[in-house]
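A quick write-up on the structure given underneath.
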Amino acid sequence: MSLRLPRFRRFSLRLLTLLLGLLFAALATTYLLVSRANQSNALAHSEQNLELGARIFDEATRQRVEFLARSASVLSGDYAIRQVLLAEHPDARTLGSSLQSYTGRVGAPVIALFDSDQQLLANSDIAMDNENRGPFAYLIQLATRDGLPQASGFAYLNRELHVLVVVPLYAPYPEIAAWFGLAFPLDHAFAQQIKNTTRLDATFVSTQDVARPRVLASTLPAREAGLVAQAVRDNHRAQNRLGILELSGERYVTLFKSQEMLGDEPVAVVLQRPLSAELAQARELENFILLISLAALAIATVAALWIARGVSQPVRVLAAHTRLVAAGDYTQQLDLRREDELGQLAAAFNQMTLGLAERDRVRDLLGKVVSPEIAAQLLRSEVRLGGEEREVTVLFSDLRDFTALSEKLPPAEVLALLNRYLDRMSAVIERHGGVIDKFIGDAIMALFGAPMASPDAAGQALAAARGMAAALAELNRELVAEGRPALAIGVGINTARVVAGNMGSKTRLNYTVIGDGVNLAARLEALTKETVYQTQVITSEATVRAARNAGPVRALGNVTVKGKTEAVAIFAVEA
Amino acid sequence: MPRSLPLLLFALLAAGAPPVRGAGLQVNLIDGKGAPVEDAVVSLVPLDAAPLAVTSAPPPEIVQQGEQFTPFVTAVQAGSTVVFPNRDKVLHHVYSLSKPKKFELPLYSPGQAERIVFDQPGLVTLGCNIHDWMLAYLVVVPTPYFAKTGSPGSVALTAPPGRYRLEIWHPRLAALLTSELSLGEGGVTPLDFTLQLKPDRRIRRAPGAKATGY
């Protein structure tokens, strides 16, 4: 399959297409690259954000634990709790109510008190009973075993996700008299707080029942949170997995973080950010690039048109001018005032026009000086001295008594009359395929069959002679009407093999024929002066024979002309 | 004279006077680094004989002075009375939440000297409700044969022949160290123990507070 490039009839369109095409390709590539870079940047940035979000989640819970632990240590120095604990069997209800007052002080919704055997002594929350003792007991054992000043972890209290911390009640330090157990729920409010800090959507999903994950808290609407839970079911083994999750048509960059629980299946902490939010800034840039691109294209269009006009306008002028020159008008000169190549072209063109005009003038002149056929032959081939032998019919004509006539008339009138006569005769000769070889004063030498061969040169010459007689009669009627003297001519025609070609010097030459046959024609013309023949056109037997149809001729007998030994049969050409 | 009694007791025991019928026991305590262990209470609890009555010696004192308890560790026989004189210029509020004896001496003034009887053996940790850093241990032992180590880290005990449970307590010991033994007539049996002590976790006084001698 061959690629077919569009063809343009106009340079401007071509330039425009090329320029815009290149620019468009460059801009489109840039746009695409920027767009792709933005996309991957947004993704990378989102991932960074998510990882940061995960750290912030950890840090937030850690700080919460820290805060609770510090609060608890303040509580452990509290007067009142010791007073109550001093009793042989501390009253659980009194302890519970004092813990309740602590919840207000430290902002922990759940505070419990355990003895050193992890038995629940009292509780701030009636709802939090012995059933929730397990994770606290575990933490107390852990802290006791490792001598830790506190221990914390994630656990469910009444099926809700909580961060737990246990802190000893010292009496005094480092003697542990009891343990405070504090808990803080990781609920919707906490998720919202994470979102406020990180701008990430947070969802906590319980995987206690792997088949049916439970949303513990979320900043997302219930439906989307449910979808997240389903995604967790499909990914619940993944640790810190990053991915794209589509929720209700919005693509979220999502981090699944696994949060270890005390003695339970891990909770999935799912942090998300809509990709569109991350891309928003990039979109702005892309739109800006788009705008710049369009502006650049528009400017390029104008610029290309301007440049194209700058080039094609003079080209069009040149083309128009060329058409003028082709039509033969060399009078116009191009006027392109430019320094560039087009200016040079215009100058060259003008020179060429001048050259052409010169040549044309020469050709015109040549046509006038020599006959058009000779001129054509001269122009066609290289002008060279030398000739060829060929059969030619030569016609000589001469005005009778012209010398006497010219003495009666003023020279200008003589010339005018002569030109008028020659013009008529030339026209007749040329009409009959003859070629004027030269004018010799009032005489005309014409060739038939040279330089262009002709199948019936002799016939044409005879016809021309009859035509000349008719034309002269016509001219004489006009002259008589003008009150001028009538003219009389004599014509001699002979057909012979002669030498035809360019004769003369190297710098100046003529196309002509020479030979005895030429002389004979001249002699025959001279014979018409003899009144005995009573004709103005005499031709030789050779011509009569050569002509296809010689027309009416009258035999005049044999004659031996001057300079010839052999007699020649001659004929008068009748009208 | 906070340490006068244990020192005196130690001196008497070390010198072998007054003459007591029975056998001597020399217990040497070092920690993991080989340093002598001070403030350890070593006691011999008779396994066969009934515990002897409390000797009518002058009751030991746990003084509050310079916002500290002195001495840090006190050992008494169960049933003994301990005096808590306040020799400071500020009020104190001595308390204990320990099982053998829960008690408090709510806000009592300088010059007062409360007396408390400790009849249950065990460890009584003393604190002050006002001054978090104040800490003292009272080791109540069910025997008259006990002593506290001084800086050399050793004690000498004399007890009648018989079977005993040797108990060693120290504030930085994770649990009571016990060992059964029999004592014969006369002589001094040396016993060496290496104690695995936890790091000292006592809190320092709150910054800005001024220690007034110790």
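The sequence lines fix the lettering, A, B, ..., with proteins before strands; numbering per chain opens at 1.
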More than 12 heavy atoms of other groups within 6.0 Å of B:R115 CZ
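Result for CZ/B:R115: open.
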Region of A:A87 that comes under 4.5 Å of a non-hydrogen atom in chain B
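Answer is backbone: N, CA, C or O of A:A87 sit under 4.5 Å from chain B.
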Side chain, backbone, both or neither: which part of A:A177 has a heavy atom under 4.5 Å from chain B?
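It is the side chain, since no backbone atom gets that close.
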Part of B:S98 within contact of chain A (heavy atom distance under 4.5 Å)
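Neither part; nothing is under 4.5 Å.
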If you define the side chain from C-beta out and look only at heavy atoms, does anything of B:L135 sit under 4.5 Å from A:P174?
yes
Taking only distance into account, with no hydrogens and no angle test, what donor-acceptor pairs under 3.5 Å do side-chain atoms of residues 138-150 of chain A form with protein atoms, sequence neighbours excluded?
| residue | atom | partner | partner atom | Å |
| --- | --- | --- | --- | --- |
| A:Q141 | NE2 | A:Q118 | OE1 | 2.9 |
| A:T144 | OG1 | A:I140 | O | 2.6 |

Might you point out which heavy atoms bring [X] and [Y] nearest each other, and give the distance in Å?
{"X": "B:T125", "Y": "A:A171", "value": "CG2-O, 3.9 Å"}
{"X": "B:G127", "Y": "A:P172", "value": "CA-CG, 3.6 Å"}
{"X": "B:Y95", "Y": "A:Y170", "value": "OH-O, 4.3 Å"}

Pick whichever of A:R82, A:Q83, A:E175 has the most heavy-atom pairs under 4.5 Å with chain B.
A:R82
Proximal to chain B - members of residues 60-68 of chain A, heavy-atom separation under 4.5 Å:
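Not one residue of residues 60-68 of chain A has a heavy atom under 4.5 Å from chain B.
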Side chain to side chain donor-acceptor pair (under 3.5 Å) against A:N49, all qualifying residues, sequence neighbours excluded
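Here the qualifying residues are A:E278.
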Would you please name every residue forming a ring-ring contact (aromatic ring centres under 6.0 Å, His included) with B:F84, sequence neighbours left out?
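In terms of ring-ring contact (aromatic ring centres under 6.0 Å, His included), with neighbours along the sequence ignored, B:F84 is linked to B:F103.
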Taking atom CG of A:L86 and atom CD of B:E104, what is their separation to the nearest 0.5 Å?
4.5 Å
